[in-house]
Amino acid sequence: MESVVTQQDLKELELNSLLEITQAINNNLAEASLYKIYHFTLLGNLKVKKLALYVMEDEWDCKLSFGVGNKKIPKLPPCYQNLPEEVELDSNEPFWSEFHMAFPVQHKEKLLAVVFLGKQDDAQTEQGVSHNLTFIKALTNIILVAIENKKLARRQLEQEAYRKELEIARQVQTFLFPKNLPQLEKLQIEATYIPHKNVGGDYYDYVELSNGKFLLCIADVSGKGVPAALLMSNFQAALRVIVRKTYDVREIVYELNRQIMFNSNGENFITFFMTIYDHEAGQMKYVNCGHNPPILFTDSGFQALEEGTTILGIFEDLPFLNVGTVTGLKDFNFFCYTDGLTETFNADGEEYGSERLMEALSDMTNKSLAGIHETVIKSLEDFKGTESYRDDITMLSCKIIS
């Protein structure tokens with residue numbers, strides 16, 4: 001004859017269950033281990049025969065089920081996804097007919113999980129075993145809150161790691177920008193950088209060359225964070241090394257493309273514009289590699305500098321490359337930028353675009369470079385209103401006075 005389980009026995013089982021769960025939490029066991037201990041505790045100590053536990057993560061997921069045979073585990077129906085309180089079930093559907101009640105598990109007004117509990121069989125009742133629903137709810141709450149806290153701690157660690165990554169990327173990006181730009185009688189260069197909260201891959205540079213020449217460039221690498229910053233760092237290093245060997249813009253671009261393919265394995269690409277200006281010859285040679293066309297302003301008007309090739313880092317061998325040449329340059333202004341400028345949106349979803357930019361640049365030849373940048377920024381701010389920037393914005397301009 002089987003012995004009858006007394007209320008004292010049940011209390012001891014519950015206490016032992018609570019101690020096991022508490023020790024598991026204190027030992028910082030993984031979430032999967034906590035679910036297993038919860039399973040064995042309910043099944044072994046508390047004699048729960050049928051249960052399904054649905055937990056909200058990115059979506060509702062059945063983390064635990066037993067006592068339902070080989071029945072397919074369905075998705076949680078919408079009627080239970082905002083369950084406010086305990087409910088009784090009366091369903092004829094294959095899976096849900098196994099359970100007679102469901103109750104929510106909440107923490108700080110947040111619904112963490114929904115538990116479906118099966119009805120006791122007659123043998124359990126005869127032995128004096130009865131579900132202490134209050135204790136099962138408490139035990140479930142302890143487990144789920146512990147798991148929720150682990151998720152929160154993990155998210156905090158991930159956020160901290162991401163914050164540090166962004167800080168490293170910002171430092172790398174800052175190191176790439178030239179610390180001093182010329183503000184001379186015949187050569188003035190101005191740069192403005194407006195960072196987005198997610199560090200992008202904007203880059204600009206000025207390199208003084210021999211024989212009265214200088215190189216000016218602007219670039220934007222695909223991607224964000226440390227990978228983009230490191231790729232751009234490698235790109236800058238490669239550019240500096242190459243121009244020590246040659247001033248031929250065609251050779252420079254071909255070699256830069258090879259370097260990007262080698263460093264990124266074709267997973268990242270860079271839009272790039274570079275020009276080499278020769279003071280003595282009054283000549284500019286340039287290549288535009290899929291970048292927003294810079295604008296050249298002279299006494300005779302303006303022109304977009306579009307000659308070049310495709311984006312760097314897409315093809316091992318560039319399919320074409322045309323070098324643009326502008327001669328007879330003595331007095332001129334030059335303005336280039338990254339796409340974060342023209343791709344800024346207002347509350348109506350309108351894009352700032354190149355036409356508004358050209359309006360802001362309409363008085364380019366009569367203002368200082370700093371004044372021009374201020375005019376563009378004001379125009380941009382007025383346009384976007386309270387909307388935030390979606391990308392880094394870089395502006396680089398140059399004024400030559402003969």
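These numbers come from the heavy atoms of this one structure, side chains and all, not from hydrogens, waters or symmetry mates. Here the structure is a predicted model, which means the values were calculated and not measured.
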Residue pair L361 / I372, side-chain heavy-atom distance below 4.5 Å: yes

Contacts of type salt bridge (Lys or Arg N to Asp or Glu O under 4.0 Å), residue E86, not counting sequence neighbours: K137

F335 CZ: over 12 foreign heavy atoms closer than 6.0 Å: yes

Electrostatic pair R258-E251, nearest N-O below 4.0 angstrom: no

Audit row: I311, I270, side chain to side chain contact (heavy atoms under 4.5 Å, CB included) steps and yes/no: CA-CA 6 Å; I311 296 168; I270 294 178; 5.6 Å; no

Y203/T394 under side chain to side chain donor-acceptor pair (under 3.5 Å): CA gap, chis, key distance, verdict: CA-CA 8 Å; Y203 159 68; T394 300; over 6 Å; no

Residue pair I276 / I252, side-chain heavy-atom distance below 4.5 Å: yes

T338 versus D202, side-chain donor and acceptor atoms under 3.5 Å: yes

E57 with K63: basic N within carboxylate O range, under 4.0 Å: yes

Derivation of the ring-ring contact (aromatic ring centres under 6.0 Å, His included) call for F334 and Y277: CA-CA 11 Å; F334 169 77; Y277 178 70; 9.8 Å; no

Crowding at NZ, K151 (>12 non-hydrogen neighbours, <6.0 Å): yes

Test log, rule side chain to side chain contact (heavy atoms under 4.5 Å, CB included), inputs H100 and L89: CA-CA 5 Å; H100 81 285; L89 304 180; 5.6 Å; no

Heavy atoms of other groups near F302 CZ, more than 12 under 6.0 Å: no

Sub-4.5 Å side-chain heavy-atom contact between V376 and Y337: no

Side chain to side chain donor-acceptor pair (under 3.5 Å) between T140 and Y38, intermediate numbers included: CA-CA 8 Å; T140 306; Y38 176 66; 2.6 Å; yes

Parallel, tilted or perpendicular, as decided by the 30° and 60° cut-offs, for the rings of H279 and F214: tilted

F383 side chain reached by R356 side chain, heavy atoms, under 4.5 Å: yes

Side-chain heavy-atom pair K50, F66 within 4.5 angstrom cut-off: no

Ion pair check, K36 and E31, cut-off under 4.0 Å: no

K285 and T275 side chains, donor-acceptor separation under 3.5 Å: no

From I377 atom CD1 to E374 atom CD, the distance as rounded to the nearest 0.5 Å: 7.5 Å

Side chain to side chain contact (heavy atoms under 4.5 Å, CB included) assessment of C217 paired with F273: CA-CA 5 Å; C217 69; F273 175 90; over 6 Å; no

Pairing of E148 and K110 as salt bridge, 4.0 angstrom limit: yes

Step-by-step side chain to side chain contact (heavy atoms under 4.5 Å, CB included) determination, M274 to V253: CA-CA 9 Å; M274 68 160 291; V253 170; 4.1 Å; yes

Short N-O contact, R240 and D205, less than 4.0 angstrom: yes

Approximate separation, where rounding is to 0.5 Å, of L369 CG and C398 SG: 7.5 Å

Crowding at NZ, K330 (>12 non-hydrogen neighbours, <6.0 Å): yes

Any donor-acceptor N or O pair under 3.5 Å, side chains K384, N346: no

Pair E381-Y389, side chain to side chain donor-acceptor pair (under 3.5 Å): steps then yes or no: CA-CA 10 Å; E381 289 283 338; Y389 291 114; 2.7 Å; yes

S210 side chain to Y247 side chain, donor-acceptor N/O pair below 3.5 angstrom: yes

K71, NZ atom: more than 12 neighbouring heavy atoms under 6.0 Å: yes

Pair Q259-E255, side-chain donor/acceptor within less than 3.5 Å: yes

Close aromatic pair by centroid cut-off 6.0 Å: F272 and F235: yes

Mutual orientation of the aromatic rings belonging to Y54 and F116 [parallel < 30°, tilted 30-60°, perpendicular > 60°]: perpendicular

